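Comments concern the structure below.
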Number of protein chains: 2
Amino acid sequence: MPETHHHNHPTADVETKVAWAVARCRENGLRRTKAMEELLRTLAVENRPMRLAELAESEALATQCDPATVYRLLLRLEAQGVIRRLGLHERSAFFIFLYPGEHHDFLICTDCGKIEEIGMACPVEALENEVGRKFGYQRIYHELEFFGLCPACVG
Amino acid sequence: MPETHHHNHPTADVETKVAWAVARCRENGLRRTKAMEELLRTLAVENRPMRLAELAESEALATQCDPATVYRLLLRLEAQGVIRRLGLHERSAFFIFLYPGEHHDFLICTDCGKIEEIGMACPVEALENEVGRKFGYQRIYHELEFFGLCPACVG
DNA sequence: GTACCTGCAAAACCTTTGCAGCATC
DNA sequence: GATGCTGCAAAGGTTTTGCAGGTAC
């Protein structure tokens with residue numbers, strides 16, 4: 001299965017995504033734990049960028065494990081390529097489920113920090129390939145974010 | 001002068017940029033200080049994303065002022081729209097000089113963190129306008145970053 | 001049984017703020 | 001002279017790590 005391609009297509013079923021991610025982690029030697037599954041499921045259900053703190057306090061995980069565990073899990077899952085860390089200008093990092101064939105672009109309010117997803121075709125794919133070739137980078141992907149004042153903050 | 005437009009064109013002269021930024025700040029009631037000028041000049045000369053710590057330790061500023069001052073200056077300059085804060089996945093924020101008509105897209109190594117600028121036409125401008133209209137956002141701009149393993153880290 | 005994973009707690013880092021004194025306008 | 005800017009120092013918030021014990025395989 002390809003690492004990434006950027007067509008927006010219908011979101012896969014949550015359990016399908018979780019099963020895929022767990023399988024991939026296990027293939028690479030990670031142990032299947034309750035916390036891993038719950039973390040992946042939370043990210044798959046929410047399907048939006050979430051912070052460590054938010055995840056650690058979520059119903060599914062708060063009773064399940066320590067924030068430090070969530071932190072270390074996020075590192076492992078990112079290394080496995082089943083989640084991605086995003087830089088969205090906040091002080092804390094955001095993480096989102098990374099499922100093959102799905103791509104997300106976001107619109108962030110510079111005032112209130114609201115994050116919404118843009119369900120529009122992303123025009124960057126061709127450039128991405130060209131950049132990879134020209135600069136000799138491997139495993140390339142991109143992040144595209146739009147920033148501006150949302151209607152509520154424009155007042 | 002328009003807030004932003006995204007044609008890549010030859011970089012303006014450093015002193016021109018600094019003078020423009022200082023003028024704009026003064027028009028909006030900020031006081032002209034040595035630290036402000038040095039900070040702007042450093043960013044204009046380097047013309048790349050820099051962190052607070054890096055700026056505060058730079059030759060021009062280390063002898064000039066306290067890190068807290070650099071921090072507060074960065075906030076003010078960002079509010080004036082003469083610099084921009086970038087989210088590049090590091091724990092600390094990056095800032096870059098923002099001159100009308102100039103646009104930057106970056107390529108960042110996911111392993112060593114090297115940041116290079118891509119001098120290629122950015123295909124996002126049309127989408128940016130459409131997103132602004134569709135979602136009702138004002139003062140919209142975008143950030144496009146490519147991530148991957150640089151040749152040295154592929155090794 | 002072994003290697004990995006977890007909880008707890010502390011350290012490390014970067015950012016942010018309070019306040020008294022100084023510089024710009 | 002008034003207001004904003006600065007330096008110093010301390011607080012705040014998130015991330016990161018050490019270590020002893022528990023768990024998946």
Side-chain angles (χ1 to χ4, degrees), chain A residues 18-19 21-42 49-58 60-80 82-95 110 113, chain B residues 21-42 49-58 60-80 82-95 110 113:
Chain A
V18 173
V22 170
R24 178 152 169 175
C25 289
R26 299 211 57 206
E27 283 164 23
N28 287 61
L30 296 195
R31 289 184 179 174
R32 171 191 215 118
T33 62
K34 195 89 176 132
M36 174 198 282
E37 246 182 272
E38 286 303 334
L39 178 49
L40 285 167
R41 183 167 292 111
T42 302
M50 299 180 77
R51 319 173 182 228
L52 166 60
E54 190 181 5
L55 286 162
E57 288 161 13
S58 71
L61 289 166
T63 58
Q64 193 70 221
C65 59
D66 190 86
T69 298
V70 178
Y71 169 73
R72 285 182 278 217
L73 259 174
L74 288 169
L75 292 189
R76 274 179 237 135
L77 296 177
E78 187 189 10
Q80 294 301 320
V82 301
I83 68 173
R84 179 168 288 163
R85 178 196 301 257
L86 300 178
L88 298 178
H89 281 207
E90 298 293 320
R91 248 178 78 175
S92 52
F94 284 86
F95 296 86
T110 44
Chain B
V22 170
R24 178 153 169 176
C25 290
R26 300 211 57 207
E27 284 164 22
N28 288 61
L30 295 195
R31 289 183 179 173
R32 171 190 215 118
T33 63
K34 194 89 178 134
M36 173 198 282
E37 244 183 273
E38 285 303 333
L39 178 48
L40 286 167
R41 183 167 293 112
T42 303
M50 299 180 77
R51 321 174 181 225
L52 166 58
E54 190 180 5
L55 287 161
E57 286 162 14
S58 72
L61 289 166
T63 59
Q64 193 70 222
C65 59
D66 190 87
T69 297
V70 178
Y71 169 74
R72 285 181 281 217
L73 259 174
L74 288 169
L75 293 189
R76 273 179 236 137
L77 296 177
E78 187 188 11
Q80 295 300 320
V82 301
I83 67 172
R84 179 168 288 164
R85 179 195 302 256
L86 300 178
L88 299 177
H89 282 205
E90 299 291 321
R91 246 177 79 176
S92 52
F94 283 85
F95 297 86
T110 45

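In what follows, chains are A, B, ... by sequence order, proteins preceding strands, each numbered from 1. As the structure is a prediction and not an experimental result, all values here were calculated from the model. Only this structure's heavy atoms are used, side chains among them; waters, hydrogens and symmetry mates stay out.
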Give the intermediate values and the outcome of side-chain contact (heavy atoms from CB on, under 4.5 Å) for residues A:L75 and A:R85.
CA-CA 9 Å; A:L75 292 189; A:R85 178 196 301 257; 3.5 Å; yes
| query | A:R24 side chain to A:Q80 main-chain N or O, any donor-acceptor pair under 3.5 Å? | reply | yes
Taking D:dG7, C:dG7, D:dT15 as options, the one with an atom nearest any side-chain atom of B:C65 is D:dG7
Regarding the side chain of A:A35, the nearest nucleotide among D:dT6, C:dT6, D:dT15 is C:dT6
Closest non-hydrogen atoms of A:I83 and A:F95, given as atom of the first, atom of the second and distance, are CD1-CD2, 3.8 Å
Closest heavy-atom pair, A:M36 versus A:C25, reported as atoms and distance to 0.1 Å, is CE-CB, 4.1 Å
In whole Å, I'd like the distance from the [atom1] atom of [X] to the [atom2] atom of [N].
X: A:L39; N: C:dC5; atom1: CG; atom2: P; value: 14 Å
X: B:E37; N: D:dT6; atom1: CD; atom2: C1'; value: 17 Å
X: A:L52; N: C:dC14; atom1: CG; atom2: P; value: 18 Å
X: B:L73; N: D:dG4; atom1: CG; atom2: C1'; value: 12 Å
X: A:L61; N: C:dT6; atom1: CG; atom2: P; value: 11 Å
X: A:D66; N: D:dT23; atom1: CG; atom2: P; value: 15 Å
X: B:R76; N: C:dT17; atom1: CZ; atom2: P; value: 13 Å
X: B:Q64; N: D:dC5; atom1: CD; atom2: P; value: 16 Å

Result for 5'-nearest mapping on DNA chain C, choosing between A:V70 and B:R85, is A:V70
Please work out if A:A93 contacts a base, only the sugar-phosphate, or nothing of the nucleic acid, heavy-atom cut-off 4.0 Å.
-> sugar-phosphate
Under 4.0 Å, counting only non-hydrogen atoms across every strand here, what does A:E90 touch: a base, just sugar-phosphate, or nothing?
nothing
Find out whether B:R76 and B:L73 are in side-chain contact, i.e. whether some heavy atom of one side chain is under 4.5 Å from a heavy atom of the other. yes
What do the steps show when you test B:V22 against B:V82 for side-chain contact (heavy atoms from CB on, under 4.5 Å), and what is the final call?
CA-CA 9 Å; B:V22 170; B:V82 301; over 6 Å; no
Rounded to the nearest 0.5 angstrom, the OG-CD distance for A:S92 and A:E54 is 9.0 Å
Please lay out, stage by stage, how B:L74 and B:L55 fare under the test side-chain contact (heavy atoms from CB on, under 4.5 Å).
CA-CA 10 Å; B:L74 288 169; B:L55 287 161; 4.0 Å; yes
Any salt bridge linking A:E38 with A:R41? Criterion: basic side-chain nitrogen under 4.0 Å from a carboxylate oxygen. yes
Under a 4.0 Å heavy-atom criterion, the protein footprint on nucleotides 20-25 of chain C, written with B, S and -, is ---BBS
Kindly give the atom pairs (protein nitrogen or oxygen, nucleotide nitrogen or oxygen) under 3.5 Å for nucleotides 17-19 of chain D.
unit_1, atom_1, unit_2, atom_2, d
D:dG18, O6, A:R72, NH1, 3.4

**Request:** Look at the side-chain N and O atoms of B:R51 and state whether any lies under 4.0 Å from the OP1 or OP2 oxygen of C:dC13.
**Result:** no
